[in-house]
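Please read the structure below before turning to the comments.
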Amino acid sequence: MDPITFVLVFFLPTLAGRATDPSPGFFHTKEEARTMECVRMSQTEVHEREPARVPEPPPRGARTPSDVLVCKRRYLSPGERPARDEGILSNLRAEVSAIVQAGSALGEPSTVWHVDAFYPEPAVAQKIAVAARTELVERGKKVSDQVPVLAAGDLSVLGHLLPQEQYPLACARAFAEGALAAQEALLGVMIVDAREAQLHAGVCLEGKWRWLR
Amino acid sequence: MSRHPLLAVAVVVALLPGCVTVYEPLLGLQRPVVVDMNAPNFEGQKILVRCLPNDHLSPQDMDILCSRTRGVLANQGAEVETSVPRRSGSRAADREEGAAPADLIIELSGRLLHEDNVPILWILSYLSLTLVPAITEFTFAQDVSIRDQEGSLLIADSLQGRIIQYFGAGVWAVNAALDMAVRKEDEKINEDVSKKDLSRDLFGQISQLAFHAKTRARVLRGFPPDAKAGAKTEPMLPVPPVPPPARPTPTETGKLRD
């Protein structure tokens, strides 16, 4: 077999077989590869999520268990939004779910929940608040889309305090001023340091602030 | 006689360093890092890093990982101790008796999730004098768990990555040509660049997770004053309060507004 035929028969098809692989290399740049979010999962897990696209794994003992590389394209390319916003939004569902799971144990079944997110970027704060409200509703809680409002003077004072003082004082003021009633709770979601990409949360109930995480 | 030059060529080609190593970050390793790894993010913190060996990672490998993690965290102001248990399941004392407990305990362990090495490709590669590349790949997970000084779990995460190695003169030549003629400096693909990218991603995520654990511990303990800094509180960057929204139109309680 002459070298050209050999290359055409073996070398090119071997390389071409990597065209669908999301890793950087001959067909994808590193930047393109980072627009994909990939995770290695067992075939069983993927079959449960996408039974039409992934066949059922073989019966136990028939062959060695196989796994699948599951990839999805990101909505935005890396660098299109700030790193902190990206870090929080890319993991928002899991973070909010953990927060709501911890917070919803407080209060009574008749408690009406208000949600407010304290984040420097208003658009991201809105997404966080909506995600938390949705999660509370899915857990069967009564949720209000109104947010307790404090007087301008209170906000002016609170703006000069550190987070560990801000939220307990805001909670006490909201309860004292009647912005938050006895059967109402406020779930606050925030960051406490500009260098983190995780959410903290606390609950204001009957004028007392409790940190959840 | 005519076979000897061919045999010589086969041996020489077989010994050529014709390996192209590609690193692909998967779950966790792709997340953006917010902390500046050159800033004193852990000033005054005592951190214990435990690197747990297993069947795939020897104690010597974990010594290297612990040593590099110590360097990264020490560069950010932390006082770091490391520990690599030598016997599986051993949890020998990590510190001397009487020594102050660590503020954070970081445990690192690795798992091999997937390995792929097709023997037929190696045979074809040898028969074709490595023109046809042999391809091996493996997917690993670096598990990170961080606890506070009481042992309560603060953070647990798994960082996945994938390493693909192409062996062969043909693929090495194509890659070298692409590196020289097409790819920009930060897009080049070779073993050194792959190692740097993996280190940057892995230690960036470990730093970010450690910082998250640190702030979470402070929140859960009610923001205690930092005794190590001489009773000064750590500079926490306050988040400016969001301006009060306009009074929304009343809707039925329990139903979300569209």
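In what follows, chains are A, B, ... by sequence order, proteins preceding strands, each numbered from 1.
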Item to check | Within-4.5 Å side-chain heavy-atom neighbours: Leu69(A) and Glu137(B) | outcome: no
Can you list, pair by pair, the side-chain donor-acceptor contacts under 3.5 Å of residues 91-99 of chain A, counting residues two or more places apart and other chains?
from     : atom 1 : to        : atom 2 : distance (Å)
Glu95(A) : OE1    : Leu199(A) : N      : 2.8
Glu95(A) : OE1    : Arg213(A) : NH2    : 3.2
Glu95(A) : OE2    : Arg213(A) : NH2    : 2.9

Checklist outcome for this item: Sorted by chain and number, sequence neighbours left out, side chain to side chain donor-acceptor pair (under 3.5 Å) with Asn175(B) holds for Arg183(B)
Next on the checklist: Quick one: does any side-chain atom of His212(B) pair with a main-chain N or O of Glu196(A) as donor and acceptor, under 3.5 Å?
Outcome noted: no
Item to check | Residue part contacting chain A, namely of Val35(B), when any heavy atom lies under 4.5 Å | outcome: both
Checklist outcome for this item: The interface call for Arg74(A) against chain B, heavy-atom contacts under 4.5 Å, is side chain
Item to check | Side chain, backbone, both or neither of Ile155(B) within contact of chain A (heavy atoms, under 4.5 Å) | outcome: side chain
Item to check | Pro22(A) portion near chain B, given a 4.5 angstrom heavy-atom threshold | outcome: both
Item to check | Max heavy-atom pair count under 4.5 Å with chain A, selected residue of Val20(B), Leu154(B), Ile135(B), Asp36(B) | outcome: Ile135(B)
Checklist entry - Do Gln30(B) and Ser90(A) have side-chain atoms, one donor and one acceptor, less than 3.5 Å apart? => result no
Checklist entry - Are a donor atom and an acceptor atom from the side chains of Arg40(A) and Gln160(B) found within less than 3.5 Å of each other? => result no
Checklist outcome for this item: Residue set satisfying ring-ring contact (aromatic ring centres under 6.0 Å, His included) with Tyr166(B), at least two apart, ordered chain then number -> Phe26(A)
Checklist entry - Which of residues 110-118 of chain B get closer than 4.5 angstrom to chain A, counting heavy atoms alone? => result Leu113(B), His114(B)
Checklist entry - So which part of Leu121(B) gets closer than 4.5 Å to some heavy atom of chain A, the side chain, the backbone, both or neither? => result side chain
Item to check | Heavy atoms from other residues, nucleotides or ligands near NZ of Lys127(A) exceed 12 (cutoff 6.0 Å) | outcome: no
Item to check | Over 12 non-hydrogen atoms of neighbours within 6.0 angstrom of CG in Asp186(B) | outcome: yes
Checklist entry - Highest number of heavy-atom pairs under 4.5 Å with chain A: which of Glu187(B), Gln208(B), Arg31(B), Arg216(B)? => result Glu187(B)
Item to check | Per-residue contact mode, Val182(B) against chain A (heavy atom under 4.5 angstrom) | outcome: neither
Next on the checklist: Under the criterion side-chain contact (heavy atoms from CB on, under 4.5 Å), I'd like the reasoning laid out for Asp193(A) against Arg218(B): C-alpha separation, chi angles, the key distance, then a yes or no.
Outcome noted: CA-CA 11 Å; Asp193(A) 194 296; Arg218(B) 280 182 58 82; over 6 Å; no
Next on the checklist: I need the minimum non-hydrogen distance between Ile189(B) and Pro24(A), along with the two atoms involved.
Outcome noted: CD1-C, 3.9 Å
Next on the checklist: Just checking Glu32(A): does its CD atom have more than 12 heavy atoms from other residues, nucleotides or ligands closer to it than 6.0 angstrom?
Outcome noted: yes
Item to check | Contact origin within Asp201(B) toward chain A - heavy atom pairs under 4.5 Å | outcome: side chain
Checklist entry - Around Gln183(A), counting heavy atoms of other residues, nucleotides and ligands shown, do more than 12 lie under 6.0 Å from its CD? => result no
Checklist entry - Which distance, rounded to the nearest 0.5 Å, do you find between the OG1 of Thr29(A) and the CG of Leu178(B)? => result 11.5 Å
Checklist entry - Looking at CZ of Arg195(A) and NZ of Lys214(B), how far apart are the two atoms once the value is rounded to the nearest 0.5 Å? => result 5.5 Å
Checklist entry - Just wondering, do Asp21(A) and Ile164(B) contact through their side chains at under 4.5 Å, heavy atoms? => result yes
Next on the checklist: Given heavy-atom pairs under 4.5 angstrom as the criterion, report whether the side chain, backbone, both or neither of Ala33(A) touches chain B.
Outcome noted: backbone
Item to check | Rounded distance [0.5 Å steps], CG in Leu29(B) versus CZ in Arg34(A) | outcome: 8.5 Å
Checklist outcome for this item: Note: Gly87(A) and Pro32(B) closest approach over all heavy atoms is N-CG, 3.7 Å
Item to check | Part of Arg162(B) lying under 4.5 Å from any heavy atom of chain A | outcome: side chain
